[in-house]
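Data first, discussion second: the structure below is written as structure tokens.
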Amino acid sequence: MVNLKGEVLEVLFYNDENGYTVGVIFDENMDEPVTFVGNLPRLNIGEDIQIGGEWTVHKTYGKQLKVEHFESIMPTTTTGIERYLSSGLIKGIGPSMARRIVTKFGTETMDIIQNKPELLMEVHGIGKKTLDRILKSYYQNIGLRNIIIELGQFGMTVNQCIKIYKKFKERSIEVLRQNPYEIADKVSGIGFKAMDKVAISMGYPGDSPDRITQAILYILKLAASSGGHSFLPEKILISETAKLISIDEDKVVPEISAMAFEGKVQIEKVGMENIVYLYQFYKAESYVTKKIIEIASDEALENMDEDEFDERIENFEEAGGIELANHQRMAVWEAVNSKFMVLTGGPGTGKTTTVNAIINIFEAMQMSVLLAAPTGRAAKRMTETTSREAKTIHRLLEMNFDESDSAIFLKNEEDPILADVIIIDEASMIDISLMYNLLKAISPDTKLILVGDSDQLPSVGAGNVLKDIINSGIVNVVMLSEIFRQSKESYIIRNAHHINHGEPLEINNKESDFFFIPRDNPDIITDEIIGLISTRLPNFLGIDKLKDIQILSPMRRGELGVTNLNLKLQDALNPQGNHKVEEKFSSRTLRVGDKVMQVRNNYEKSLEDEFGEEISKGVYNGDIGYIHHIDKPNKEVFVIYDDEKIAVYDYDELDEIEHCFATTIHKSQGSEFPVVIIPITWGPPMLLNRNLIYTAVTRAKRMVVLVGEFRYLEQMIRNTNVNTRFSYLDNRLKKLGEFIEEQS
């Protein structure tokens with residue numbers, strides 16, 4: 001083992017994803033600077049480190065030290081301390097601030113930071129907010145470095161190490177050494193496969209109960225996240241688990257039974273076979289069944305006679321200069337005279353007008369009405385169409401975090417939502433877990449109205465909630481099917497219904513808002529899309545190429561998948577420029593001016609004005625913004641949302657945003673865009689189906705342009721095979737409803 005101690009002279013290469021580093025160190029005991037390589041935390045020039053490893057000889061670069069051991073050395077001289085503080089390792093301290101701190105405290109500076117940090121506020125420019133930022137960065141830097149070093153030998157990426165550290169803090173290495181599978185179980189984004197590799201390297205036996213248990217959980221979680229399944233048939237679960245970790249199936253069976261005994265899974269017999277739930281989904285599905293039956297079988301708070309109803313409808317129609325169709329009147333009647341109803345229908349059938357009529361009548365009756373939707377963008381649309389505040393369901397439920405940073409909802413059975421009526425839009429996006437938490441917070445006196453298009457894509461999470469509720473026949477459902485005259489003039493709406501009924505499309509009419517451009521090669525399709533979004537459509541429609549046009553692709557991978565399209569579109573729409581700041585993160589480059597999307601809900605993220613004052617909290621999955629500024633010294637990216645609200649992301653939070661010049665159709669659910677462009681090409685049959693193209697087309701308000709091969713468009717329209725979701729909610733509702741009816 002060769003040990004070197006000295007100053008980092010250069011960082012020749014650093015990979016943000018896995019921490020692979022090529023650097024140069026100067027050790028005064030060596031004749032010349034030494035090149036070193038290894039998976040290390042991010043280093044800064046001028047930093048003092050100690051490394052140990054073995055000499056290797058690279059065929060191109062010559063003699064190098066392959067690092068196996070690393071330590072960061074705290075400086076002891078004033079010059080070294082100032083250099084350390086100003087290196088960029090600690091957010092909130094730049095070169096001038098470092099100079100002021102060292103001038104004030106001299107060689108005691110590091111002791112002050114570690115043991116008496118409140119004294120730092122004696123330095124000009126350090127207030128409480130800055131001090132908190134400095135300390136958070138300092139302690140995270142030390143702890144994070146240790147776990148990066150520990151896990152780097154197993155091939156764990158820096159981003160994975162960051163997630164582990166955020167969850168376990170100073171316990172991270174202890175948890176890793178005691179049971180690496182606990183990390184797979186408790187840290188979102190750290191998969192079983194990654195930690196299994198670590199565990200096997202540490203000597204865990206291949207058939208250990210911990211390993212089999214975590215493999216079972218992994219298969220069930222994967223089924224929920226990738227297929228929307230609430231459960232799996234036991235035979236499938238056993239087979240997939242055994243295949244995953246290469247063991248005999250008979251070793252899986254007893255572990256499933258043990259997990260059921262411990263309350264981790266629930267086994268139920270359906271017909272001649274067993275089905276297995278993650279317990280959380282079983283609990284949710286059972287509770288949702290019970291609560292829906294309770295609400296649906298209850299009498300409405302106020303029944304309205306027909307004369308009063310007709311009078312209120314006439315008042316609404318007269319005020320708005322409209323006339324409701326029969327199905328719309330029926331929907332309003334059901335809303336007024338039942339505790340739980342579902343309003344469904346395709347585009348152009350008058351759902352928005354009907355919802356406004358329902359709200360109007362309830363408000364005229366002096367009843368309080370709350371509006372909500374599953375996503376931020378869907379809630380924003382609901383606000384626009386009703387002229388009333390709509391929240392995300394999570395915000396309605398007052399989502400918060402407990403001491404272990406796990407999400408909790410403050411609104412529940414003990415403290416329900418105070419409202420006479422709750423109306424939820426885009427209900428097809430609600431998964432079984434969210435429905436469980438929503439129903440827990442519904443008071444016995446509250447009416448619940450779900451609004452949605454059951455032909456849209458189902459929820460990303462587990463369950464098939466809206467469709468199961470409709471299919472059960474337990475609650476009142478009104479389906480709007482008549483397309484109104486004004487909507488009939490839109491080829492977008494007409495073709496959406498043609499798609500839904502498997503009928504030929506109406507395309508390329510000169511007066512149309514729906515076009516198909518035939519192109520038969522991925523490169524040519526890409527060039528066509530770039531031409532459309534760069535100049536042709538903005539010039540023709542007088543719109544903004546970034547804000548008003550959205551590319552929607554069925555898939556992430558492939559030449560016309562979101563990942564590749566975003567690289568091409570970034571070069572075309574926001575190319576490198578002399579004055580554009582950019583930063584490379586592994587396989588992607590973030591650049592000022594880039595269009596990005598938040599890809600998970602972050603309820604704690606502050607949104608600030610241009611002066612740094614907080615406006616509100618919360619950035620939601622699907623929110624689209626633009627990179628406004630990149631602060632390299634402080635490792636922060638500023639993203640502007642809604643033209644005025646700025647969210648600041650630390651570099652280690654950047655997995656929360658991704659480029660959004662193009663996004664998947666799944667990610668577009670609940671959103672609307674003036675213009676939508678959809679590449680049409682070959683893809684897996686599971687993606688080329690009717691409800692996917694239907695969902696994509698109905699995202700557009702002003703124009704749809706399809707570019708590609710018509711045969712694949714026809715294939716999508718013909719393909720009505722949607723992946724079967726293992727969900728038992730509809731059957732539970734039917735059975736419990738029948739049982740209650742028999743008892744009464």
Side-chain angles (χ1 to χ4, degrees), residues 291-373 382-390 416-427 438-439 442-454 466 469-470 472-487 737 741:
K291 192 68 181 276
I292 287 176
I293 296 291
E294 283 179 5
I295 297 174
S297 59
D298 195 8
E299 293 296 323
L301 281 175
E302 278 193 50
N303 287 315
M304 184 182 291
D305 63 41
E306 291 188 28
D307 290 339
E308 183 184 357
F309 177 77
D310 289 340
E311 181 182 346
R312 292 189 183 279
I313 287 291
E314 286 170 12
N315 291 339
F316 172 76
E317 291 176 329
E318 186 177 336
I322 58 173
E323 183 178 349
L324 296 181
N326 288 336
H327 275 84
Q328 291 178 300
R329 290 175 68 96
M330 185 190 303
V332 181
W333 173 264
E334 291 292 348
V336 170
N337 291 291
S338 60
K339 287 292 293 295
F340 192 139
M341 75 153 305
V342 173
L343 173 63
T344 186
T349 57
K351 289 197 302 294
T352 298
T353 301
T354 306
V355 169
N356 280 321
I358 291 169
I359 295 170
N360 180 275
I361 286 182
F362 281 134
E363 289 180 341
M365 295 167 66
Q366 304 300 307
M367 296 175 73
S368 59
V369 182
L370 291 179
L371 310 179
M382 198 179 189
T383 297
E384 293 166 352
T385 57
T386 63
S387 300
R388 293 162 178 84
E389 181 190 15
I417 300 165
L418 297 178
D420 296 319
V421 184
I422 296 175
I423 302 175
I424 307 292
D425 199 9
E426 295 288 354
L438 174 63
L439 291 179
I442 299 288
S443 163
D445 297 329
T446 300
K447 291 174 176 282
L448 179 61
I449 299 169
L450 301 182
V451 183
D453 183 349
S454 58
L466 182 63
I469 291 173
I470 292 172
S472 72
I474 293 298
V475 304
N476 294 321
V477 177
V478 178
M479 177 173 286
L480 304 179
S481 54
E482 179 185 347
I483 305 175
F484 288 90
R485 182 183 59 78
Q486 186 176 356
S487 296
E741 192 172 327

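The shown structure was predicted, so the numbers you read here are calculated from the model rather than taken from an experiment.
Looking at every heavy atom in both residues, R312 comes nearest to A364 through NH1-CB, 3.4 Å. Counting all heavy atoms, side chain and backbone alike, G346 lies closest to D453 at CA-OD2, 3.6 Å. The minimum heavy-atom distance linking T386 with L371 is given by the pair OG1-CD1, 3.4 Å. Shown here for E306 and W333, the closest heavy-atom pair between the two residues is CG-CH2, 3.8 Å. The two residues M382 and A390 make their nearest non-hydrogen contact at CB-CB, 3.8 Å. The minimum heavy-atom distance between T383 and E389, with the atom names listed, is OG1-C, 3.9 Å.
Applying the ring-ring contact (aromatic ring centres under 6.0 Å, His included) definition to pairs two or more places apart or across chains, none involves residues 335-365.
Remark: K351 does not engage E426 in a salt bridge, criterion side-chain N to carboxylate O under 4.0 Å.
Checking side-chain atoms of N360 against main-chain N and O of N356 turns up no donor-acceptor pair under 3.5 Å. Distance alone, capped at 3.5 Å, is enough to place a donor-acceptor pair between the S472 side chain and the I469 backbone. Remark: the backbone N or O of A419 is paired with a side-chain donor or acceptor of T446 at under 3.5 angstrom. Under a 3.5 Å cut-off, the side chain of S443 and the backbone N or O of P416 do not form any donor-acceptor pair. A donor-acceptor contact shorter than 3.5 Å links the side chain of D420 to the backbone of S368.
A distance of 6.0 Å separates OG of S454 from CG of L466, quoted to the nearest 0.5 Å. Rounding to the nearest 0.5 Å places CD1 of I474 at 4.5 Å from CD1 of I293.
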List the atom pairs, with distances to 0.1 Å, where a side-chain N or O of residues 313-320 and a protein N or O form a donor-acceptor pair under 3.5 Å, not counting sequence neighbours.
unit_1 : atom_1 : unit_2 : atom_2 : d
N315   : ND2    : E311   : O      : 3.3
E317   : OE2    : L324   : N      : 2.8

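Counting heavy atoms from C-beta on, the side chains of M479 and M330 never come closer than 4.5 Å. Considering only heavy atoms from C-beta on, V421 stays 4.5 Å or farther from L370 through its side chain.
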Would R329 and D310 satisfy side-chain contact (heavy atoms from CB on, under 4.5 Å), going step by step from the backbone distance to the final call? CA-CA 9 Å; R329 290 175 68 96; D310 289 340; 2.9 Å; yes
Walk me through whether K339 and E294 qualify under salt bridge (Lys or Arg N to Asp or Glu O under 4.0 Å). CA-CA 10 Å; K339 287 292 293 295; E294 283 179 5; over 6 Å; no
Could you walk me through whether V355 and D425 pass the side-chain contact (heavy atoms from CB on, under 4.5 Å) check? CA-CA 9 Å; V355 169; D425 199 9; over 6 Å; no
Dump the intermediate steps for side-chain contact (heavy atoms from CB on, under 4.5 Å) on I322 and T353, then the final yes or no. CA-CA 9 Å; I322 58 173; T353 301; 3.6 Å; yes
Evaluate the side-chain contact (heavy atoms from CB on, under 4.5 Å) criterion for residues N476 and V478: first the C-alpha distance (whole Å), next the side-chain angles of each, then the deciding distance (0.1 Å), finally the verdict. CA-CA 7 Å; N476 294 321; V478 178; 5.9 Å; no
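For the side chain to side chain contact (heavy atoms under 4.5 Å, CB included) criterion with L450, the lone passing option out of V342, I423, V475, L343 is V342.
No more than 12 heavy atoms of other residues, nucleotides or ligands shown are found within 6.0 angstrom of CG on N326.
The side chain to side chain donor-acceptor pair (under 3.5 Å) search around T354 returns Q328, not counting sequence neighbours.
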